[in-house]
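Since the structure is predicted, the reported quantities are computational estimates derived from the model, not experimental observations. Here, residue 1 is the first one in the sequence, and each next residue gets the next number.
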Amino acid sequence: MPDQPLNYRLISPIAAHTSTVIFLHGLGDSGAGMVRLVKEMAPTLPNTKWILPHAPEMCITVNRMMIMPAWFDIFTSGDFDTKEQDSQGMLETSVSINILIAAELAAGIPAENIAIGGLSQGCAMALYVGLTTEYKIAGIVCISGYVPDQPNIQQLVTTHCVDIPIFWAHGEGDPQVPLRFAESSISFLKERLSIRDVTYRT
């Protein structure tokens, strides 16, 4: 349910808590699967709390209705930027992630010290949330993903999203999300959404 809080793994800051990163795992994984990666990065960000949410389990159409953790359903393989996508599922998940952001704000962390990121499907969801949230957050970290549901995102983006910094890293040989989807997504961000600050690395 979209109004239910997400369960998550928490990596506490080493020093005084002044910033938060919400990082979303890929299809079929869990927040626990991100712990090793985050623990490697944590010493470089000693004041940062890491929230690693667990996606709810759902039937995934493209995987013959197999039940697995996912942020939204995937109807067909390939052409993430053109084929029909699970707009309702993305919207519901965005509500749940915005609840996590609001909780950090209530705890005294300003929006400009909260970032969101993700891997693969988690990257797609992080972009959806980061571009549409009412909060002017610090930035979006993208690893091997794509901008999902582009026609709807273009209608839902906030006016302040043009200023959000985006860091995008993508493997040249990624078999799940081919490089061309990253390149077309970045073109969409720059040309359709007029986002100014996009750093892209392969």
Where is the tightest heavy-atom contact between [X] and [Y], given as atom of each residue plus distance?
X	Y	value
Asn63	Met68	ND2-CE, 3.4 Å
Met125	Met90	CE-O, 3.2 Å
Ser144	Gly171	OG-N, 3.4 Å
Leu193	Val162	O-CG1, 3.3 Å
Cys59	Ile67	SG-CG1, 3.7 Å
Tyr8	Pro53	CB-CA, 3.4 Å

Looking at [X] and [Y], would you say the former's side chain and the latter's main chain have a donor-acceptor pair under 3.5 Å?
X	Y	answer
His170	Val177	yes
Ser185	Val147	yes
Asp86	Ile74	no
Glu104	Ile109	no
Asn7	His54	no
Gln121	Ala70	no
Thr133	Gly130	no

### Task
Please determine, by modelled atom types, if Glu92 and Gln88 share a side-chain donor-acceptor pair under 3.5 angstrom.
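Per modelled atom types, Glu92 and Gln88 side chains form a pair under 3.5 Å.
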### Message
Between Gln176 and Ser120, is there a side-chain donor-acceptor contact under 3.5 Å, judged purely by atom types and distance?
### Response
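Side-chain D/A pair, Ser120 to Gln176: absent.
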### Query
Got a sec: does the CE of Met66 have more than 12 other heavy atoms crowding it under 6.0 Å?
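No, because the 6.0 Å sphere around CE of Met66 holds 12 heavy atoms or fewer from other groups.
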Measuring only between side-chain heavy atoms, which start at C-beta, is [X] closer than 4.5 Å to [Y]?
X	Y	result
Gln150	Arg192	no
Lys39	Val35	yes
Leu189	Trp168	yes

Could you grab the distance from atom [atom1] of [X] to atom [atom2] of [Y], nearest 0.5 Å is fine?
X	Y	atom1	atom2	result
Leu131	His160	CG	NE2	9.5 Å
Leu156	Leu91	CG	CG	7.5 Å
Thr20	Ile116	OG1	CD1	12.0 Å
Ser87	Tyr128	OG	OH	7.0 Å
Thr76	Glu84	OG1	CD	8.0 Å
Ile99	Ser94	CD1	OG	10.0 Å

What about [X] and [Y], same hydrophobic cluster or not, with Ile/Leu/Val/Met/Phe/Trp/Tyr joined at side-chain heavy-atom distances under 4.5 Å?
X	Y	result
Leu6	Leu24	yes
Ile140	Val157	yes
Phe23	Leu27	no
Leu179	Tyr146	yes
Leu100	Met34	no

### Within residues 150-174 or reaching into it, pairs that qualify as salt bridge (charged side-chain N to carboxylate O under 4.0 Å, His left out) - sequence neighbours excluded
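Matches after skipping sequence neighbours: Asp163-Arg196.
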### Task
Take Thr132 and Asn98 through the test side chain to side chain contact (heavy atoms under 4.5 Å, CB included) and record every step on the way to the result.
CA-CA 10 Å; Thr132 64; Asn98 273 291; 5.5 Å; no
### Aromatic ring pairing Trp71/His25, orientation class (parallel under 30°, perpendicular over 60°, tilted between)
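Correct class here is tilted.
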### Message
Could you walk me through whether Leu119 and Leu37 satisfy the side chain to side chain contact (heavy atoms under 4.5 Å, CB included) test, starting with their C-alpha distance in whole Å, then the side-chain angles of each, then the deciding distance to 0.1 Å, before giving a yes or no?
### Response
CA-CA 11 Å; Leu119 169 69; Leu37 173 64; over 6 Å; no
### side chain to side chain contact (heavy atoms under 4.5 Å, CB included) between Thr158 and Glu134, worked out
CA-CA 7 Å; Thr158 57; Glu134 65 182 285; 5.5 Å; no
### Query
So Trp50 and Arg9, side chain to side chain contact (heavy atoms under 4.5 Å, CB included) or not? Walk me through it.
CA-CA 8 Å; Trp50 295 79; Arg9 286 288 300 269; over 6 Å; no
#### Entry: Passing candidate, side-chain contact (heavy atoms from CB on, under 4.5 Å) with Pro165, options Val141, Asp197, Val198
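For Pro165, the side-chain contact (heavy atoms from CB on, under 4.5 Å) check succeeds only for Asp197.
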